[in-house]
Amino acid sequence: MKKHNFSAGPSILAPEVIDNTAKAVKDLNGIGLSIMEISHRGKDFQAVIDETVALFKELLNIPQGYHVLFLGGGASMQFCMVPYNLLALKAAYLETGSWAKKAIKEAKLFGSVDVVGSSADNNFNYIPRGYMIPEDADYFHITTNNTIFGTQIKEDIDSPIPLVADMSSDIFSRPVDVSKYGIIYGGAQKNLGPAGVTFVIVREDLLGKVSRQIPTMLDYRTHIEQGSMFNPPPCLPIYVCLETLRWIKNLGGLEKMQQRNEEKAQILYDEIERNNLFEGTAEELSRSLMNVCFVMNPDYKDLEKDFLEFATERNMIGVKGHRSVGGFRASIYNAMPIDSVKALVDAMQEFEKKHA
Ligand SMILES: *Cc1c(COP(=O)(O)O)cnc(C)c1O
């Protein structure tokens, strides 16, 4: 029986995506070869990557002047690749959690870093407001969804300097005004595909402005010139992303995704608020539609392990919170069906009856 998969990442994929990928692993489009055994330069794989790029552009409404790249190394490699390519003297960063901190650490290898706002004072349970973006910095870096702490920047902010966004865990969860960003990047394994591929949406005119030498593989221009084919890209993970994008398009695109995501998150946040056994950790205005973090009400603190077991018995996995927050985290990415969210809510209600 299929489990209710609340894992933070690698995470749930739509059943159709898994079925169609299984077919392509055996025989891609009836060509008599597996997606895993064909040349990345042949016409069959070229068609896969072309359609994937085209769907990125269509679903996100990406304007002219941007390129969509598929690379290895994860979002973690982008933490250094972004400053390598863009940081001449100074960059500005918003510190909203563990991933932002890791990005800041890498940027410091390349120049000075101005942390313009931080929510470290309250264990990253909110998105800072009222900060100033310095106009003399080379770019401003944000993490739109803080996977570990369950907070999210849900609008496209205005920045006087190029805006760089780590959207690893909320890409394709809502419509985005890409024209407000210089670079958007992320690992695929949260809301798009399996581990192994990283997407980068980059505005070409930002490149070539730093004077340092950039190693070939870390230079965005290499991958733009080669259409992500400098060496074989992660072909199978790209194929899975393509199936996810087809699935999103069939469901009605990103407005529809947003609506579904809002509905799912509301059900869960409402229950956390209502249920006396639990409480949410993120400030209401900042809370994420993707990762819902909550803990036991302190009066019932010793029931934490019991609840995890209770959820596991009900065929749920991945509900344990990250060690830096504790408690619980339900990741309810695009592919999470509303029925799984309802199953979790039912479990919370049953558990309450048992212990109230
Ligand atoms: C998971 C995650 C990362 C790290 O991505 P990798 O692809 O594992 O390197 C970075 N940023 C955010 C917001 C994440 O959720």
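Both counts, for ligands and for their atoms, begin at 1 and track the order of listing. Note that this is a predicted model, so its numbers are computed, not measured.
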Ring centre gap for Phe45 and His40 strictly below 6.0 Å: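 Ring centres of His40 and Phe45 not closer than 6.0 Å.
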Starting from [atom], which protein heavy atom do you reach first, and at what distance in Å?
{"atom": "atom 5 (O) of ligand 1", "value": "Ala75 CB, 3.3 Å"}
{"atom": "atom 4 (C) of ligand 1", "value": "Trp99 CZ3, 3.5 Å"}
{"atom": "atom 9 (O) of ligand 1", "value": "Ser76 OG, 2.6 Å"}
{"atom": "atom 2 (C) of ligand 1", "value": "Lys190 NZ, 2.5 Å"}
{"atom": "atom 8 (O) of ligand 1", "value": "Gln189 NE2, 3.0 Å"}

Within 45° cone and under 6.0 Å: Arg287 NZ/CZ vs Tyr269 ring: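 Judged by the rule, Arg287 and Tyr269 form a cation-pi pair.
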Trace of the side-chain hydrogen bond (donor to acceptor under 3.5 Å, both in side chains) decision for Glu283 with Ser286: CA-CA 5 Å; Glu283 174 213 73; Ser286 303; 2.6 Å; yes
Answer with side chain, backbone, both or neither: which part of [X] has a heavy atom less than 4.0 angstrom from an atom of ligand 1?
{"X": "Phe79", "result": "side chain"}
{"X": "Asn145", "result": "backbone"}
{"X": "Met77", "result": "neither"}
{"X": "Ser168", "result": "side chain"}

Does the side chain of [X] come under 3.5 Å of the side chain of [Y] through a donor N or O and an acceptor N or O?
{"X": "Asp166", "Y": "Thr143", "value": "no"}
{"X": "Tyr126", "Y": "Asp121", "value": "yes"}
{"X": "Ser173", "Y": "Asn261", "value": "no"}
{"X": "Asn275", "Y": "Glu271", "value": "yes"}
{"X": "Glu262", "Y": "Gln258", "value": "yes"}

Electrostatic pair Arg246:Glu243 at N-O distance under 4.0 angstrom: yes
Sub-4.0 Å heavy-atom contact, Met167 with ligand 1: no
From the candidates Asp166, Val197, Asn291, Thr198, the one that places a heavy atom nearest atom 10 (C) of ligand 1: Asp166
Element-labelled atoms of ligand 1 that are located less than 4.0 Å from some non-hydrogen atom of Gly74: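 Contacts of ligand 1 toward Gly74, numbered from 1: 7 (O), 9 (O).
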Sub-3.5 Å N/O-N/O distance, Thr143 and ligand 1: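 So ligand 1 has no N or O lying under 3.5 Å from an N or O of Thr143.
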